[in-house]
Amino acid sequence: MRLDGLDAAAIEEAGRLIAAGELVAFPTETVYGLGARADSDSAVAKIFALKGRPAGHPLIVHVADRAGADRFAASIPAVAERLIDAFWPGPLTVIVARRPGLADAAAAGQGTIGLRCPAHPVAHALLVKAAEAGVFGIAAPSANRFGRVSATTAAHVAEEFGDSLPVLDGGAARIGIESAIVDCSSGRPVLLRPGVLTRERIEEAAGERLQDPDEASPRAPGTLAAHYAPEAKLRVMSTGMLQTALKVLGAEPLKLAVYSRSIPSGVAPGVVHRRMPARPEQAAHELFSILRELDREGVHLIWVEEPPPGPEWDGVRDRLSRAAAS
Ligand code: TXA
Ligand code: MG
């Protein structure tokens with residue numbers, strides 16, 4: 001059920017549904033979220049059931065502002081404070097120690113909680129409405145079935161879960177890949193998931209280097225090797241490999257799509273070609289949409305030219321390598 005994100009009555013209705021313990025999908029600037037009130041274990045259980053998400057994988061709790069974060073955090077360490085100041089509202093999630101007894105199911109029983117204040121005006125309006133009803137956080141994973149490509153439009157959400165799920169439509173997500181996640185719960189900040197904010201920008205705001213995840217880092221399904229998978233088999237290749245593979249392929253009647261910045265020469269007729277944007281923000285914005293579109297076209301293989309090496313491509317490179325791993 002589509003609810004118009006520009007309609008105040010629709011936001012009110014969505015807020016009422018959330019307060020009543022129902023699920024509502026909503027837009028954020030990164031991807032669409034599948035929301036439920038974070039303080040209700042039974043409401044949150046509906047998210048796990050609908051997504052097919054295995055138990056034990058914690059959800060991000062979305063808050064309207066910094067004060068909302070204080071309701072769920074046991075404490076906000078100085079480094080998290082600096083990141084919140086620099087990037088909220090925006091595409092950054094911090095993981096901090098959780099207030100005991102609150103949002104147990106959303107946190108999947110962990111002692112920590114992931115918190116994010118989204119910048120999308122429709123998400124913000126929904127969070128404010130919910131807060132007026134006494135609900136100070138909305139737990140929301142990306143609005144896709146577990147392991148699949150995230151949804152960046154209301155139509156994608158309907159593709160995933162059907163038309164009966166209420167979806168606030170706020171247009172196409174501006175950023176297109178999920179938030180960067182920084183674990184601030186263990187003394188040294190760890191970048192659990194890259195996003196469009198570059199490591200450099202996050203480190204500058206944090207005032208210290210970000211560690212890479214290791215064995216001791218918390219579990220995060222968005223960081224599983226295989227995730228964000230389209231139906232088609234996806235492979236990431238260097239420019240040279242792509243050229244060679246296309247030559248070898250010749251006129252084979254494979255259902256093949258090529259997604260590349262360069263224009264490959266000698267592409268056999270029947271091969272679907274999509275041009276990857278030269279700018280990383282633009283590539284992130286359309287990535288999941290393109291993967292869904294190629295699935296709809298029924299291709300069996302997607303050959304992707306590897307993005308350039310710069311750190312501004314980390315988020316896109318990360319999603320592509322996970323999509324390729326399944
Ligand atoms: O941009 C985003 O972050 C989107 C929008 C909807 O806000 N949300 C999103 O949620 O990507 P999800 O559930 O698809 O990914 C959340 C990631 C998961 O990898 C989860 O394991 C990790 O955050 N996470 C959440 N809470 C955590 C915690 N307490 N400790 C470690 N990882 C956590
Ligand atoms: Mg996800």
Side-chain angles (χ1 to χ4, degrees), residues 23-36 38 44 47-48 50-63 72-74 80 87-99 102-120 122-124 126-127 137-152 156-157 160 167-168 170 173-186 189-197 213 216-229 284 288 315 318-319 322-323:
L23 299 183
V24 176
F26 61 95
T28 82
E29 72 278 27
T30 57
V31 299
Y32 275 67
L34 178 63
V44 167
I47 295 179
F48 282 86
L50 188 62
K51 260 192 84 118
R53 185 172 176 117
H57 290 317
L59 309 178
I60 295 171
V61 173
H62 298 70
V63 292
F72 294 93
F87 300 118
W88 280 16
L92 182 97
T93 297
V94 293
I95 293 179
V96 297
R98 179 168 60 100
R99 217 175 259 263
L102 246 187
D104 278 330
Q110 310 219 15
T112 54
I113 187 107
L115 296 169
R116 174 161 116 80
C117 174
H120 197 293
V122 174
H124 184 74
L126 175 63
L127 287 161
I138 298 182
S142 51
N144 54 278
R145 285 169 292 136
F146 182 72
R148 313 287 314 162
V149 175
S150 301
T152 57
H156 294 165
V157 178
E160 290 293 303
V167 185
L168 268 174
R174 176 170 57 82
I175 291 176
I177 61 172
E178 303 80 356
S179 60
I181 304 179
V182 181
D183 179 18
C184 302
S185 69
S186 68
V190 181
L191 182 61
L192 291 184
R193 182 175 72 184
V196 289
L197 292 174
S217 299
R219 201 158 38 140
T223 62
L224 289 179
H227 216 74
Y228 313 111
F288 291 140
D318 170 82
R319 302 311 187 274
R322 293 181 205 291

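We count ligands from 1, going down the list as the structure has it; atoms in each ligand are counted the same way.
Taking a cutoff of 4.0 Å between a charged side-chain nitrogen and a carboxylate oxygen, Arg174 and Glu29 do not qualify as a salt bridge.
In this structure the side chain of Tyr228 reaches within 4.5 angstrom of the side chain of Glu178, judged on heavy atoms. The closest side-chain heavy-atom distance from Ile177 to Val196 is below 4.5 Å. For the pair Pro141/Lys51, a side-chain contact is recorded, criterion being any heavy-atom separation below 4.5 Å from C-beta on. In this structure, the side chains of Arg116 and Thr30 come closer than 4.5 Å at one or more pairs of heavy atoms. Residues Pro118 and Leu127 are in side-chain contact: their nearest non-hydrogen atoms beyond the backbone lie under 4.5 Å apart. Side-chain atoms of Ser179 and Arg193, non-hydrogen and from C-beta on, do get closer than 4.5 Å to each other.
For ligand 1 and Thr112, the ligand atoms under 4.0 Å from any heavy atom of the residue are 28 (C), 29 (N), 30 (N). The ligand atoms of ligand 1 that sit less than 4.0 angstrom from a heavy atom of Ser179 are 1 (O), 2 (C), 3 (O). If you number the atoms of ligand 1 from 1 as listed, the ones under 4.0 Å from a heavy atom of Ile181 come out as 17 (C), 22 (C), 23 (O). Numbered from 1 in the order shown, with element, the atoms of ligand 1 that lie under 4.0 Å from a heavy atom of Glu178 read 1 (O), 2 (C), 11 (O). Heavy-atom proximity to Arg193, at under 4.0 Å, picks out these atoms of ligand 1: 2 (C), 3 (O), 9 (C), 11 (O), 15 (O), 16 (C), 17 (C).
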**OP:** Applying side-chain contact (heavy atoms from CB on, under 4.5 Å), run through Phe288 and His156 and close with a yes or a no.
**Re:** CA-CA 10 Å; Phe288 291 140; His156 294 165; 5.7 Å; no
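Not a single N or O atom of Lys51, backbone or side chain, sits closer than 3.5 Å to an N or O atom of ligand 1. Polar contact check, Arg53 against ligand 1: a nitrogen or oxygen pair lies under 3.5 Å apart.
Note on Ser150: not counted as a metal contact of the Mg ion (ligand 2), no N/O/S atom lying under 2.8 Å.
The OG atom of Ser186 sits 10.0 Å away from atom CD1 of Ile95, with the distance rounded to the nearest 0.5 Å.
Distances from atom 6 (C) of ligand 1 to the heavy atoms of Cys117, Gly33, Ala151, Ala25 show the closest one on Gly33.
Under a 4.0 angstrom heavy-atom cut-off, His62 registers as being in contact with ligand 1. Within the structure, the closest approach of His57 to ligand 1 does not fall below 4.0 Å when heavy atoms are considered.
Residue-level proximity to ligand 1 for Leu59 is carried by the backbone, the only part with a heavy atom below 4.0 angstrom. At a 4.0 Å heavy-atom cut-off, ligand 1 touches Thr30 through the side chain alone.
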